[in-house]
Amino acid sequence: MRIATWNINSLRARMERVLAFLERHDVDVLALQEIKAKPEQLDLTLLQEAGYEVSAHGLNQWNGVALISRVGLRDVRTELPAVPTWPEDESGVIEARALSGVVGDGLRIWSLYVPNGRELDHPHYAYKLRWLEALRAEGQRDLAADPQARTVLVGDFNVAPEDDDVWDMAFFDGKTHVTEPERAAFQAVVGAGYADLVRPDHPGPGIYTYWDYQALRFPKKEGMRIDFLLGSPAVQAAVRESFIDREERKGKGASDHAPVVVDLEF
DNA sequence: ATGGTCGGTCTCCGA
């Protein structure tokens with residue numbers, strides 16, 4: 001089974017790229033983030049004609065996650081029960097950051113869009129840390145209930161876990177994505193039993209999944225590795241290969257993130 | 001100048 005994650009930065013703007021990506025790489029299950037649409041705004045005709053089922057969770061123009069699957073999509077859940085909703089106060093913004101389904105022979109895949117954090121002194125940063133902690137707690141509970149569970153936590157984590165995961169640490173001094181608390185929160189999810197399925201096959205610096213639209217970051221190879229597929233032990237043992245589709249970042253109409261693909265054989 | 005760009009509720013905001 002070939003699974004993938006991709007921050008699409010608007011599904012409506014890139015539906016044809018999604019379809020071409022699925023068919024080019026023969027992808028079975030794709031988790032999307034930042035679909036920036038409510039489900040009723042999506043025209044899913046082409047995907048359905050290509051044999052895919054779709055579940056989308058979007059509440060407004062921000063955020064939004066989706067699952068696209070050709071191997072059956074069932075037991076769909078929106079939002080981790082323990083994950084707090086931003087904000088608890090007056091802004092009225094409603095978030096849609098997590099969606100899961102069971103695909104194929106009992107693989108649960110979560111499509112996750114971790115809060116960005118904005119600035120270190122912004123309330124959104126504390127929200128990001130709380131959100132990651134809630135994810136860790138939920139993931140740990142699930143594995144305690146069934147250590148053999150086939151679970152993947154995939155998506156845009158908005159954290160670069162190691163110095164090698166950004167092009168220049170000096171640039172990120174005082175910025176989000178690389179701070180010790182964010183990295184600790186990410187490692188806590190890993191420590192709960194969900195290992196990075198891609199990194200072992202792609203070591204060293206310069207392995208990125210995101211390049212800012214601004215400042216010619218892509219041609220200058222100045223990116224970040226912030227999109228991950230994390231898997232429970234049963235999934236880790238099933239990994240056969242993985243790759244980042246850098247080609248998808250090229251050309252007019254690209255998302256600012258590249259898809260990440262993992263092959264599993266249970 | 002660590003700039004330059006995207007998408008969407010579009011002359012602002014969030015990323």
Side-chain angles (χ1 to χ4, degrees), chain A residues 5-19 21 31-43 56-66 85-87 89-98 111-129 131-132 154-161 163-179 182 186 205-206 208-228 245-260:
Chain A
T5 185
W6 191 6
N7 180 322
I8 195 64
N9 185 19
S10 171
L11 180 50
R12 282 174 292 176
R14 267 173 271 287
M15 190 62 83
E16 289 182 7
R17 271 189 180 254
V18 168
L19 194 61
F21 165 75
L32 295 172
Q33 301 84 39
E34 282 203 84
I35 65 170
K36 292 187 172 179
K38 303 172 189 175
E40 62 267 27
Q41 294 176 304
L42 300 172
D43 181 355
H57 178 36
L59 299 172
N60 52 36
Q61 79 274 36
W62 309 122
N63 314 319
V65 286
T85 298
W86 163 266
D89 55 21
E90 68 279 359
S91 97
V93 174
I94 299 172
E95 305 245 280
R97 294 187 173 275
S111 181
L112 305 171
Y113 181 52
V114 175
N116 174 284
R118 302 184 187 174
E119 309 290 337
L120 298 190
D121 57 358
H122 193 285
H124 205 266
Y125 178 77
Y127 165 57
K128 178 182 194 173
L129 296 178
W131 203 97
L132 282 166
V154 314
D156 179 355
F157 283 73
N158 272 313
V159 177
D163 291 358
D164 273 354
D165 296 327
V166 298
W167 81 90
D168 178 11
M169 277 299 290
F171 177 80
F172 289 92
D173 189 28
K175 294 188 174 73
T176 60
H177 291 57
V178 301
T179 65
E182 289 167 281
F186 180 90
Y208 304 135
T209 65
Y210 162 83
W211 300 259
D212 199 320
Y213 285 127
Q214 299 186 66
L216 300 175
R217 294 290 180 221
F218 185 66
K220 287 156 72 175
K221 304 186 189 306
E222 295 176 341
M224 307 173 74
R225 198 172 73 96
I226 56 177
D227 299 272
F228 299 94
D245 185 11
R246 276 187 81 263
E247 293 298 308
E248 191 51 63
R249 182 61 180 80
K250 296 179 179 176
K252 190 172 170 59
S255 169
D256 42 1
H257 294 249
V260 188

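Throughout, a chain's letter reflects where its sequence line sits, starting with A, and its residues are numbered from 1. All values derive from a computational prediction rather than experimental measurement. Because only heavy atoms are used, hydrogens play no part in the values below, and waters and symmetry mates are left out as well, while side chains stay in.
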The reported gap from CG in A/Asp173 to OG1 in A/Thr179 (rounded to nearest 0.5 angstrom) is 11.5 Å
A/Met169 CE - B/dT2 C1' separation (whole Å): 15 Å
Approximate separation, where rounding is to 0.5 Å, of A/Glu222 CD and A/Phe171 CZ: 8.5 Å
Summary of protein contacts for nucleotides 8-15 of chain B, nucleotide by nucleotide, where a base hit scores B, a sugar-phosphate-only hit scores S (4.0 Å, heavy atoms): SB---BSB
Check ring pair (Phe, Tyr, Trp, His ring centres under 6.0 Å) between A/Tyr213 and all other residues, then give those that pass, not counting sequence neighbours. none
When you check the phosphate oxygens OP1 and OP2 of B/dG3, does a side-chain N or O of A/Arg217 lie under 4.0 Å from one of them? yes
Pairwise C1' distance for B/dT2 and B/dG8, with rounding to whole Å: 28 Å
Whole angstrom value for the distance that separates P of B/dT5 from CD of A/Glu222: 15 Å
Test of understanding: with ring pair (Phe, Tyr, Trp, His ring centres under 6.0 Å), list the residues that count as partners of A/Tyr210, not counting sequence neighbours. A/His257
Within the 4.0 Å heavy-atom criterion, would you say A/Lys175 contacts the bases, only the backbone, or no part of the nucleic acid? nothing
B/dC6 and B/dA1, which share atom name P, separated by this distance in whole Å: 24 Å
Using the P atom as the point on both nucleotides, what is the distance between B/dT9 and B/dG4, in whole Å? 24 Å
Between A/Lys220 and A/Arg14, whichever has its closest DNA chain B nucleotide further toward 5' is A/Lys220
Sticking with atom C1', work out how far B/dT5 lies from B/dC10, rounded to a whole angstrom. 15 Å
Name the one of A/Asp227, A/Asp156, A/Thr5, A/Asn158 that satisfies side-chain hydrogen bond (donor to acceptor under 3.5 Å, both in side chains) with A/Gln33? A/Thr5
Indicate the atoms forming the closest heavy-atom contact of A/Ala96 with A/Gly58, along with that distance. CB-CA, 3.9 Å
